[in-house]
K.L.:
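Below you will find the structure I want to go over with you.
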Amino acid sequence: MTGFLGQNTKHNFVLLIRDADTVASALRQALTEASPEERAGLERAVALVGSHAEATESQLRARWVRSRLASVGYTGDVDSAYAVKALRQAEPKLSLLAAAELQRDAVAHPE
């Protein structure tokens with residue numbers, strides 16, 4: 001989900017890429033051509049992609065923050081300074097401002 005450019009600069013943003021519509025379209029096309037044995041699995045996949053496509057940008061950023069925190073083994077409170085530190089450890093090019101803003105999304109959208 002991230003899009004960082006440059007070598008040693010800090011970034012105040014995270015580029016959010018949404019491609020669920022493209023994936024959903026491909027799955028719906030596959031569903032029209034599916035054999036009876038494949039239909040149930042593809043129908044479930046279409047439903048899952050549809051539910052994720054409805055997520056707001058803030059919810060997607062919150063999920064991303066949690067995944068990045070998990071990648072560095074952070075299991076503490078998302079609403080702490082340690083969470084910001086862990087997020088910047090996971091993504092060293094994030095500025096303190098960007099990390100704090102992303103943390104707010106994670107706090108606003110608990111799992």
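Hydrogens, waters and symmetry mates play no part in the numbers below; they use all other heavy atoms, side chains included.
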K.L.:
Taking all heavy atoms of Tyr74 and all of Ala83, pick out the closest pair and write down the distance.
P.N.:
OH-N, 3.6 Å
K.L.:
If we ignore hydrogens and angles and just use 3.5 Å, is the side chain of Gln89 paired with the main-chain N or O of Leu69 as donor and acceptor?
P.N.:
no
K.L.:
Apply side-chain contact (heavy atoms from CB on, under 4.5 Å) to Arg44 and list each qualifying residue two or more places apart in sequence or on a separate chain.
P.N.:
Leu48
K.L.:
Considering non-hydrogen atoms only, spot the tightest contact between Val78 and Gln103 and give its length.
P.N.:
O-NE2, 2.8 Å
K.L.:
Ala34: which residues meet the side-chain contact (heavy atoms from CB on, under 4.5 Å) condition with it, sequence neighbours left out?
P.N.:
Glu38, Arg39, Leu42
K.L.:
Looking at NE2 of His109 and CZ of Arg61, how far apart are the two atoms once the value is rounded to the nearest 0.5 Å?
P.N.:
8.0 Å
K.L.:
Who passes side chain to side chain donor-acceptor pair (under 3.5 Å) against Thr56, sequence neighbours left out?
P.N.:
Gln59
K.L.:
Should Leu31 and Val23 be counted in the same cluster of Ile, Leu, Val, Met, Phe, Trp and Tyr side chains packed under 4.5 Å apart?
P.N.:
yes
K.L.:
Of the non-hydrogen atoms in Val65 and Ala106, which two are nearest, and what is the gap between them?
P.N.:
CG1-CB, 3.8 Å
K.L.:
Would you call Trp64 and Leu102 a side-chain contact if the rule is heavy atoms closer than 4.5 Å?
P.N.:
yes
K.L.:
How long is the straight-line distance from OG1 of Thr32 back to CD of Gln29, given to the nearest 0.5 Å?
P.N.:
4.0 Å
K.L.:
Under the side-chain contact (heavy atoms from CB on, under 4.5 Å) test, which residues partner Ala20, sequence neighbours left out?
P.N.:
Val49, Ala53
K.L.:
How long is the gap from CG on Leu27 to CD on Glu43, to the nearest 0.5 Å?
P.N.:
11.5 Å
K.L.:
Show me the pairs that pass salt bridge (Lys or Arg N to Asp or Glu O under 4.0 Å) and involve residues 20-32, at least two apart or across chains.
P.N.:
none
K.L.:
For residues 72-88, pull every pair meeting salt bridge (Lys or Arg N to Asp or Glu O under 4.0 Å), keeping only residues two or more places apart or in separate chains.
P.N.:
none
K.L.:
Taking atom CD of Glu33 as the centre, report whether more than 12 heavy atoms of other residues, nucleotides or ligands fall under 6.0 Å from it.
P.N.:
yes
K.L.:
Which atoms form the tightest heavy-atom contact between Ala86 and Val72, and what is the distance?
P.N.:
O-CG2, 3.7 Å
